[in-house]
Structures are given as structure tokens and as C-alpha cells.
There are 2 protein chains.
Amino acid sequence: MTETSSNSGSGGGATGRIGIGLEMDATHLKILEVLRDNGRVSVSALAERVGISRANAYTRFEALRADGVIRRFTAEIDHQRTGLGIVALIFVTVRQQMWRQFRAQLAQMPEVEYCAITTGQHDAMIQVRMADVAEVHAMVTERLANIPAVKATETVFILDEVLRRPYVLPSDRDRGRGAPRRPASSSGASASVSASSSTPEPEQGQGLPLGKMRFVGAAEGRAALRDAT
Amino acid sequence: MTETSSNSGSGGGATGRIGIGLEMDATHLKILEVLRDNGRVSVSALAERVGISRANAYTRFEALRADGVIRRFTAEIDHQRTGLGIVALIFVTVRQQMWRQFRAQLAQMPEVEYCAITTGQHDAMIQVRMADVAEVHAMVTERLANIPAVKATETVFILDEVLRRPYVLPSDRDRGRGAPRRPASSSGASASVSASSSTPEPEQGQGLPLGKMRFVGAAEGRAALRDAT
DNA sequence: GTTGAAATTAGTACGAA
DNA sequence: TTCGTACTAATTTCAAC
């Protein structure tokens, strides 16, 4: 209420038009594609792979960086090796009007890898990476629960990270099965959706809130998943 | 069942001991720290920042890469600029014994950025990045729902990505408030936890399943969140 | 937007501590 | 192991086209 209602960060509403101050053409996307898969390529090699000249690659590379399309370059790390093999999702119900405090407290927690404000049942989802399960429990009960802004939490553990793509790009969709569903309307749709689409199934019971009672049973078929690679 | 039950991917159980074939000392962690924040630093600059010689930096850098501690280097991209500003989480209930098919279908969906198998209410969580809300709906109803392995889905939208740290490292915890809770036990704990810790609160109602009825209302306090930066 | 040069820097291979 | 140095190869910058 004290400020503008424009969307600041990423993933917000739909105010973000494509290419504010930078024309995002196919070449730019191709550059992003290469850099996503190999963030350490030399600009010369980048130019070669994209099919443009060195100078052009340098210009575009700098433009993408200066314009903030490329936020940073980072190394993807095997967390098992660094001793942080336990991942957990903590769904947080936040006391309204205390969002600011909640966010400030988050900044104090380095083990938080990701935090997003969501629609639906809870208000936010936090992803943490820890050395063992006990640490997750300690974090939730001793640290999160002590934040006045936190009204309630619900924790689930991640048993396996099946897929982690560096960063999705629009060009990826063309490689999937079939063409994109619509000709990529230049801007998004309405922002405050607060939706919760569900796909119920006759076998499960039509009007049920999606199997709220199933808290165990997600382990039987997991062995068969191993040899799918 | 047809193969070994060892953990394949990352974030799996707790079989991952620290430093299989590579001693993860403080210097290695410091290298990871620098590379996480700037994946494009030259090895010379890296050596300078870590405080080792260039030759040593090259050796260690290569060792980390060859050993798989560093998986890849990537560019962090502002998705608003690329036209994929809508993020959604899809919680999937998977038909047991069809995990393999589910995983295979996932590989066919390039707009999926992250997929993890979780304990708790659902079996898996998928994060997708799309151009608009309609595309998310189309994906859930037309593509996910058509996969026989998918029993049910529940979708929530991400209104704001508050925090996204490149990759958490053990050394980060020392920078938080207070010291780490325990002296970093070398290995994790039990794997199949299937836990769902919760911190209920008198104000909300003790035995309630965490406000299942609250589907809206996560927007009021969000304006105050803007000036917290 | 492209090509081709010079200047700088990165990567490699050694011996010594 | 790690460091320091010299050597080679590559990249980046800057110029003209």
C-alpha cells in the first residue's frame, strides 16, 4: 500500500513485456541457449555456435548482460558431494501484513535455496538444503516457527530430484511434442489468478480434494524408476 | 525392482558420502563458492580470490569438474524478458508402478524446469515456466492429464519468486545467524521419511489441515513486501 | 554486421621448494 | 602437494571494410 503495485521481481504478474530496451530476436535466444548449457564458453566459441561474427557476439553478449536478461553465471553443484544431500520443501502460511518481516527473516537463512509466493493452500514455498533430516526439523521448529510472521508450516521431503533444467527458454517448446499451443502472445494474462486447477479422476473420487488422506504410499513404484535412465 | 536400489540422481536418499574420490577440503569449498557467484571467472582470477597459485587452481578446478562435484556452468536468465514470466507448480499424484512412464513423459516436456519426487500429500512436484496462464492450464489438462501414470494434479501459481540462491553450500550456514546446529555429520539420515511435519497455530484451528479453505487472500500483504529490498 | 590485425590474457609444462 | 616461471595457444579488443 505504501508503494506502487507494479511487479518487481521475476515470476510476478504479467506486466513484464518482452524486451524492455532490448529486442529479443532469434539470435539473442540462441545465445542464451548456448550460455545456459555452457556458461563458460568463450565469446569466440559462442559466436561460432550461434553463427555470427565475434564482434557481434561480444556486442550482444554485453547487451544481454547489461540489460539484465542474463542475471549471472553460476556453477551447478552436486550437493551430495558437498554434504547437503537432504532437500525439503516447507510450505508456509504467512500472517498477512507481516510479509516484510517474513522476507527479512528469509535473508537471514542461508540454507534457503528458493522461496516463492504461491496461490493455493499456502502462501509461500521454501526449498532448503541440509546435511540431514534432523537439521530440517530443527530449522522448521526452532527457526521458522519462531518468526511471528509464520502462522503455520508444512514440510515434505524430496526423495529424488528427477529433473533439473538449467533455465527454460521459449525456444525449448518447439522441441517438445508438437508446436506451442498458441502463437506466443506477446504478454501474459491476468495476474492475481489465485487458481487451483485440478484433474480429478473417477478412480479416486470425483469431488475429493485430491487425496488429502494419502500421506504415505509414494515409495512403492520408485524402484522401477531407477532403470528408466 | 529389476535393478539395484542405489540412489541414482541428486537429492535422493542418503547414500551420498562426502568426497567420493575427492577430498572436499576448505579450499575446494571456497572454489565452489566463487564459481557459484561468478561462473565465468578465469582460473587466474579464481586462484587470486581463493588465495592459491594458478597451477593449483587449475588442478583443483579440473578435479572438481572431472569428479562431478561441478556438474555444469549455466547462465541465470530473467524469464520475464524471454517471455516466460508465468511460473506454476503442479503437484502430481502418480499411479504407482507407472513411475517409469511418468518420467519418460517428463523428458518430452521442455517447459518443465524442475521435477522432484516428494513425500507427503502428493508424489511429485513439477515446476513449469510458460508465457501465460492459459498455457499452464492447457498443459495440465491436455498433456499431463493424458498421461496414464498421472492420477491427479493440483496446480498453484507462483506470484513472486522472492529468493533464488544459485546453489547452497555448506559454508553458507556459518554466515547465517548463529553457528550450525550440529557439527555436520558426515552422512545423511534415513531415506524414506515420508514425513510431514507441521507447526499448527491456535489462531488457525488446531486440527485443521492447514487452511484448506484459504484459496485467496495471499495478496494483501504483498504490497508492503516491495519496499523490503 | 563483418573481417583481420595487435595486445592481452588464458592454459600448459616444467623444475624447485 | 603446492608454488613459481617460462612457453604456447587462445581470446579479446580495436581498427578498417
Side-chain angles (χ1 to χ4, degrees), chain A residues 18-78 81-83 166 169-171, chain B residues 17-78 81-83 166-167 169-171 184 186:
Chain A
I18 309 177
I20 308 172
L22 189 73
E23 205 184 329
M24 284 293 296
D25 57 5
T27 308
H28 274 135
L29 281 179
K30 214 166 180 182
I31 290 174
L32 293 178
E33 212 173 298
V34 174
L35 287 174
R36 174 189 56 170
D37 291 330
N38 184 5
R40 273 183 85 84
V41 279
S42 64
V43 185
S44 313
L46 176 70
E48 205 174 6
R49 289 198 206 178
V50 175
I52 53 176
S53 67
R54 262 85 43 83
N56 192 2
Y58 275 103
T59 308
R60 287 173 174 270
F61 180 85
E62 254 313 302
L64 286 169
R65 231 184 183 308
D67 238 57
V69 181
I70 297 175
R71 285 233 183 81
R72 90 223 291 181
F73 292 93
T74 188
E76 195 178 309
I77 288 160
D78 187 338
R81 298 293 183 81
T82 61
L169 287 173
S171 46
Chain B
R17 284 191 311 280
I18 310 177
I20 309 171
L22 189 72
E23 204 185 329
M24 285 293 296
D25 57 4
T27 308
H28 274 136
L29 281 179
K30 213 166 181 181
I31 290 174
L32 293 178
E33 212 173 299
V34 173
L35 288 174
R36 175 190 56 170
D37 291 330
N38 184 6
R40 271 183 86 84
V41 280
S42 64
V43 185
S44 312
L46 175 70
E48 205 173 5
R49 290 198 205 177
V50 176
I52 53 176
S53 68
R54 287 207 308 157
N56 194 1
Y58 273 105
T59 307
R60 286 173 175 270
F61 181 84
E62 248 313 296
L64 286 169
R65 233 187 181 308
D67 238 57
V69 181
I70 297 175
R71 285 233 184 80
R72 88 223 293 180
F73 292 94
T74 188
E76 196 177 309
I77 288 160
D78 187 338
R81 300 293 182 82
T82 60
Y167 289 101
L169 287 173
S171 45
S186 58

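Residue numbers start from 1 in every chain, and the chains themselves are labelled A, B, ... in the order their sequence lines are given, proteins ahead of strands. The figures here come from the full heavy-atom set of this structure, side chains too, leaving out hydrogens, waters and symmetry mates.
- The rotation axes computed at either terminus of the helix from dG1(C)-dC17(D) to dA17(C)-dT1(D) lie 30° apart, taking five pairs at each end and rounding to 10 degrees.
- A distance of 13.0 Å separates NE2 in H28(B) from CG in L169(B), rounded to the nearest 0.5 Å.
- By the 4.5 Å heavy-atom criterion applied to side chains, Y167(B) and L32(B) are not counted as neighbours.
- When every heavy atom of F73(A) is checked against every heavy atom of A75(B), the shortest pair comes out as CE2-CB, 3.6 Å.
- In this structure R72(A) satisfies the salt bridge (Lys or Arg N to Asp or Glu O under 4.0 Å) test together with E76(B), sequence neighbours excluded.
- Closest approach of I77(B) to R71(A), counting heavy atoms only: O-NH1, 4.0 Å.
- Minimum interatomic distance between T74(A) and P166(B) (heavy atoms only, all atoms of both residues): OG1-CB, 3.2 Å.
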With a 3.5 Å cut-off and sequence neighbours excluded, list the donor-acceptor pairs that the side chains of residues 41-57 of chain A form with protein atoms.
| unit_1 | atom_1 | unit_2 | atom_2 | d |
| --- | --- | --- | --- | --- |
| S42(A) | OG | A45(A) | N | 3.2 |
| S53(A) | OG | N56(A) | N | 3.3 |
| N56(A) | OD1 | R60(A) | NE | 3.1 |

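- Smallest separation of non-hydrogen atoms from T82(B) and M24(A): CG2-CE, 4.1 Å.
- Nearest approach of R81(B) to D67(A), heavy atoms of both residues: NH1-O, 2.8 Å.
- Near DNA chain C, meaning a heavy atom under 4.0 Å from it, residues 36-47 of chain B has S42(B), V43(B), S44(B) in order of number.
- Separating the CG atom in L35(A) from the CD1 atom in I70(A) is a distance of 5.0 Å, to the nearest 0.5 Å.
- Non-hydrogen atoms lying under 4.0 Å from DNA chain C are contributed by R54(B), Y58(B), all within residues 48-62 of chain B.
- Of all nucleotides in DNA chain D, those with any atom nearer than 4.0 Å to a heavy atom of chain B start and finish, going 5' to 3', at dT2(D) to dA6(D).
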